[in-house]
Each structure stands twice: as structure tokens, then as C-alpha cells.
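Here's the structure we're looking at; comments come further down.
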Amino acid sequence: MVYEEALKKLSSYGQKHLLAFYDSLSDEQRASLLDQIEETDFSVISALANEKANTARGELSPLSAMTVAQIEERKEEFTRVGLQAIRDGKVCAVLLAGGMGTRLGSADPKGMYDIGLTKHVYIFQRLIENLMDVVKESGTWIRLFVMTSDVNDAKTRAFFAEHDYFGYKADKIVFFKQDMAPTVSFDGKVLLENKGRISTSPNGNGGWFSSMVRAGIGDILKDEGIEWLNVFAVDNVLQRICDPTFVGATILSGYEAGSKVIRKANPDEKVGVICKEDGRTAVVEYSEMTDELRNSVDENGDYLYYFGVILNYLFSVKGLMRALDEELTIHIARKKISCIDENGSEVKPEEPNGCKFELFIFDLLKALEGCLPYEVVREYEFAPIKNKTGVDSVESARKLCAQNGIEL
Ligand code: UTP
């Protein structure tokens, strides 16, 4: 893209200031800025003006889960069907590792964090060990797609290579980068990271499938006849990946998705809850729930909104392909964003000064034909690492690993 084209594109979005320092840049910096302007989708900025309408919720109603007891009754059948699908190469894993991991406070990708006590046990390693259980059980190498971002891609790839892919088959792992979104000030002006670079941030974990397709992986899915993708977060070190019983239960449900869920520890636990919204499966976040909703019970006194999502979903590729045409809600997060001001001076804010645009994975559920909420036992399958200490931390995850006989 040449300067005039960039100016035209920016003018149409009211963002001409991004070229304010153009004259002071080297030829290389100018080219890189023009490339970035060409690649950037500025249309997301309109979400700022429409935030209220975009994020307004429809009519919520409760959705129950297939319980642990119900799963146990049909375990053999589910496992048989799931294992067959895995052996037929119809099921793959997708690791979402594009997040910034800000709460953990490490500059490295979250998966590089070492939770070991007597030896090195990296988060990525734990996840691969979990996946290896199913590789062994099924006698099949399962393809693993790893989503990174511009910020952590090089480090993530190098780390896997350095550790010999933690014993996984290297040619079964495919890395791809998620899309980035521009960040803006509260009044909708795109921020500059420096004079020659627009400030961007990963566009949330909901853009994973469109990013995957943009990276050319749609062809792999088609050529290899892959029908199901088990998508999971980087930070739950106990989760079962491509769990045959979950895969079989979802396939037999006839739905286009399955979601692992846990019973909330109490109505106030801060997890998103699976429910129905205008008749479609949806997730309502803790912050969106009224006291009335949180505490509503059925005739037996059981809580109605009580199954929390743990970011471990099985999605049908057919459904995902169809959903590519649907617009997902753009969520706005107000954050502290380092940038430069109109004089070119560095700004390191102490308080939120701008907005990031994010898509959420659970918004995909609304676009699919049904979802099976599948209950798992939290003590066996849920040890998320969000913080260093306290709730959902390295500390709590270490305890849970010990309870499950995992040596650290
Ligand atoms: P979180 O919402 O916990 O965010 O991500 P995070 O970036 O890991 O941590 P904080 O909030 O900055 O402390 C849940 C999952 O979604 C992935 C994360 O890598 C994690 O697996 N994710 C999140 C992405 O892949 N891309 C994103 O843009 C955001």
C-alpha cells in the first residue's frame, strides 16, 4: 500500500493521525507502517459506539447438563464411539495460547511457565502429557493445532522445538497466529505503540477458527476429513484433551458442540455459566448475572444457573464453517495500554486509558445447532492457572496436581 492509499483508508475511519510521524520515519519503518495500515481491520472500532446494543443480552433461561452419573451409565458406549472417531482421524485438538497472560505477570507465553517443584514441569508439557494419554489409549497420533499471537509466536515455537515437542510427534503439531485488533483511546482514536507502529492486541479467543482458516488450515481439515475440534485453554493443567468419552457423548447427542462444565462451588463463584439465550445455547458471564439469576432454584431447591464452563469445547467443523459467515459480538475491555501521545512522548498509564476489542469463544455456541453441556468433576479436571497465588493460581494448581498423583 502506498502513502496516498493509506491516507485514504485512514480518512474513511477518522484515523489520519496514525501518519502524523510518517516524515520522521526511515524508509523501512515507513514501509512497515503502511503494511500494518493495509492489514488492519479498523471496522472493529465502530463497536465502541454500539457497545450497549451489541452486548445487550436476550432472554436467558436455564440449561442443565448431562451429569457425571448419567455419563457413567453410558460410559462404555460413549468411549467406544469417541475412540473410533479418534482412530478414524476425525478428531483434532486446538490449543488456545494467544492470550497475554497478564495476571500471571510473566513476560513469556503462559505455557512456558514452570510449575515444577523438584523438576521442570512446564504448562505446555503438562498439556502434551494429558494429550499423550489419549494417543496411547487410541494408538493414534492426534493432530494438535496451536494458536499463538504476533506477541508470542516466535517464543512459543522455539520453546516447543527446544524441548523436542515434549515427546509429541513434531509433524502432528501446526502453529498458527491469531488475528490482532487495533487498540483505541476512550474516544475511539487508534493508539500508536511508537511513531511507526499501530498499537494492537490479540483479538480475543473467539477469533480462533477464522484465524485458523485464514492461515490455510481449512485445507488440512478438508483433506484429512477432520470433523471435530476439541478447543481448550492453555491454563488448565488437569484438563483431559480429546477425552474419548466426551467426544463420543457429543457425537451421539446429535448436537454441533459439546462443552465440559463443572458444578459451581457456590452461586458466587466467578465462572461463566452455560444457559439458553433466546432459545440458543449461550454463556452468561458472572458479571452479567443478577443476584436473582444467581440464586434462582428449581422445585427441588437446586440452583438453575449452576454449570460453569471451563473452556474445553468440542465443535463440529461443519458447524464452524457455517458460523464463519456470522458476526460475533465484539466485546470491549478497558485496559492500561502503553503508547505514545500526540507529541510522540511515551505514555505508561497507571489507570486504564484505552480499549481493546475481543471476541469470545463462547459466542460461537449461539451460531451452532445445539451444545451438550457435559459435567466433569472439578477436582479431577479443573486446575486453571490465572494468577501466581490465591484462587486459580500456580499454588492451587500444584495442590490439585498432587491430589491427582502428578509429580511436579
Ligand atoms: P484468558 O481470558 O484467561 O486470558 O484466556 P489470558 O490472556 O490467558 O490471561 P490474562 O487475562 O491476560 O491474565 C483464556 C484462554 O484463551 C486464550 C488464552 O491463551 C487462554 O488459553 N486466549 C485469550 C487467546 O488465545 N487469545 C486471546 O486473544 C485471548
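First listed ligand is number 1; within each ligand, the first listed atom is number 1.
Note on residues 379-408: no pairs pass ring pair (Phe, Tyr, Trp, His ring centres under 6.0 Å), not counting sequence neighbours. Applying the ring pair (Phe, Tyr, Trp, His ring centres under 6.0 Å) test to residues at least two apart or on different chains, the pairs with a partner in residues 197-253 are Trp208-Phe315, Phe246-Tyr374.
Partners of Glu285 under the salt bridge (Lys or Arg N to Asp or Glu O under 4.0 Å) rule, at least two apart in sequence or in another chain, do not exist in this structure.
Around ligand 1 you find Leu96, Ala97, Gly98, Gly99, Met100, Gly101, Thr102, Arg103, Lys110, Met147, Gln178, Pro202, Gly204, Asn205, Ala233, Val234, Asp235, Leu311, Lys386, each with a heavy-atom distance below 4.0 Å.
Aromatic pair Tyr168/Phe160: centroids not less than 6.0 angstrom apart.
Using a cut-off of 4.0 Å between Lys/Arg side-chain N and Asp/Glu carboxylate O, Arg57 and Glu277 are scored as salt-bridged. Residues Asp243 and Lys260 are paired through a salt bridge, judged by an N-O separation under 4.0 Å between the basic side chain and the carboxylate.
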